[in-house]
Amino acid sequence: VQLQASGGGLVQAGGSLRLSCEASGRTFSGYTMAWFRQAPGKEREFVTAIRWNDGRLYYADSVKGRFTGSRDNAKNTVYLQMNSLKPEDTAVYYCAASSQSLYTSIALLTTRSRYDYWGQGTQVTVSS
């Protein structure tokens with residue numbers, strides 16, 4: 001399985017970016033896909049998850065109402081639309097995939113170790 005993240009960049013506060021994560025190597029039926037982010041000097045944290053089969057979403061409180069996850073099954077790609085960006089959103093954003101059904105528990109959904117595969121990360125920088 002390979003995950004290729006793209007779409008990061010430099011944007012002013014209040015601006016928008018859309019990240020993409022193209023997945024390859026197998027079919028992803030039953031998978032949970034997610035975005036995490038890691039700011040300098042901080043732990044990698046959960047941002048959002050999307051269930052591949054039906055697109056069910058879950059968001060961290062810090063991004064709720066500003067970020068929107070989605071997927072395109074035909075393109076094997078998940079997206080993260082980020083609006084109203086803040087300087088505190090600055091981080092390297094990683095896409096991740098889990099072959100497990102993680103939606104039985106929020107704790108499972110938001111735990112890094114539950115995800116089997118990781119992309120290389122894409123830098124998002126929000127200037128004030």
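None of the values given here were measured: they were computed from a predicted structure.
- Annotation for Glu22: atom CD does not count as buried by contact number, only 12 or fewer foreign heavy atoms lying within 6.0 Å.
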For this session: Show your reasoning for whether side-chain contact (heavy atoms from CB on, under 4.5 Å) applies to Thr90 and Val124.
Result: CA-CA 5 Å; Thr90 295; Val124 171; 5.9 Å; no
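- Judged by distance alone, the side chain of Ser98 and the main-chain N or O of Gln100 form a donor-acceptor pair under 3.5 Å.
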Exercise. Can Met82 and Leu19 be said to form a side-chain contact (heavy atoms from CB on, under 4.5 Å), step by step?
Worked result: CA-CA 8 Å; Met82 305 186 294; Leu19 306 184; 3.7 Å; yes
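- Remark: the backbone N or O of Asn53 is not paired with any side-chain donor or acceptor of Tyr31 at under 3.5 angstrom.
- Salt bridge annotation for Arg112-Glu43: present, with a cationic side-chain nitrogen under 4.0 angstrom from a carboxylate oxygen.
- Connection of Met33 to Tyr79 is not established within any shared hydrophobic cluster, with ILVMFWY side chains joined at heavy-atom distances below 4.5 Å, either directly or through further cluster members.
- In this structure, the separation between OG on Ser6 and CD on Gln120 is 8.0 Å, given to the nearest 0.5 Å.
- In this structure, Phe28 has its ring center under 6.0 Å from that of Trp52.
- The line from CZ of Arg66 to OG of Ser84 is 7.0 Å long, rounded to the nearest 0.5 Å.
- Minimum interatomic distance between Ala97 and Leu3 (heavy atoms only, all atoms of both residues): N-CD1, 3.8 Å.
- Using a 3.5 Å distance cut-off with no hydrogens or angles, the side chains of Thr77 and Asp72 do not pair a donor with an acceptor.
- The environment of CD in Gln2 is sparse: at most 12 heavy-atom neighbours from other residues, nucleotides or ligands sit within 6.0 Å.
- Looking at residues two or more places apart in sequence or on another chain, you find a salt bridge (charged side-chain N to carboxylate O under 4.0 Å, His left out) between Arg51 and Asp54.
- The CD atom of Glu45 sits 5.5 Å away from the OG atom of Ser62 when rounded to the nearest 0.5 Å.
- A side-chain donor-acceptor contact under 3.5 Å links Arg37 and Tyr93.
- Residues Ser16 and Gln81 form a side-chain contact, since some pair of their non-hydrogen atoms from C-beta on lies under 4.5 Å apart.
- Counting heavy atoms of neighbouring residues, nucleotides and ligands inside a 6.0 Å radius, atom NZ of Lys42 does not exceed 12 of them.
- Atom CG of Leu80 sits about 6.0 Å away from atom CH2 of Trp35, to the nearest 0.5 Å.
- Its side chain within the 4.5 Å cluster rule, Trp118 clusters with Phe36, Phe46, Tyr58, Val92, Tyr94, Leu102, Tyr103, Ile106, Leu108, Leu109, Tyr115 among the Ile, Leu, Val, Met, Phe, Trp and Tyr residues.
- Cys95 approaches Ala5 most closely through the heavy-atom pair SG-CB, 4.1 Å.
- Taking hydrophobic clusters as Ile, Leu, Val, Met, Phe, Trp and Tyr residues chained together by side-chain heavy-atom distances below 4.5 Å, Leu17 does not share a cluster with Leu10.
- Rounding to the nearest 0.5 Å places OG1 of Thr68 at 6.5 Å from CG of Asn83.
- With values rounded to the nearest 0.5 angstrom, Arg114 atom CZ is found 8.5 Å from Ser105 atom OG.
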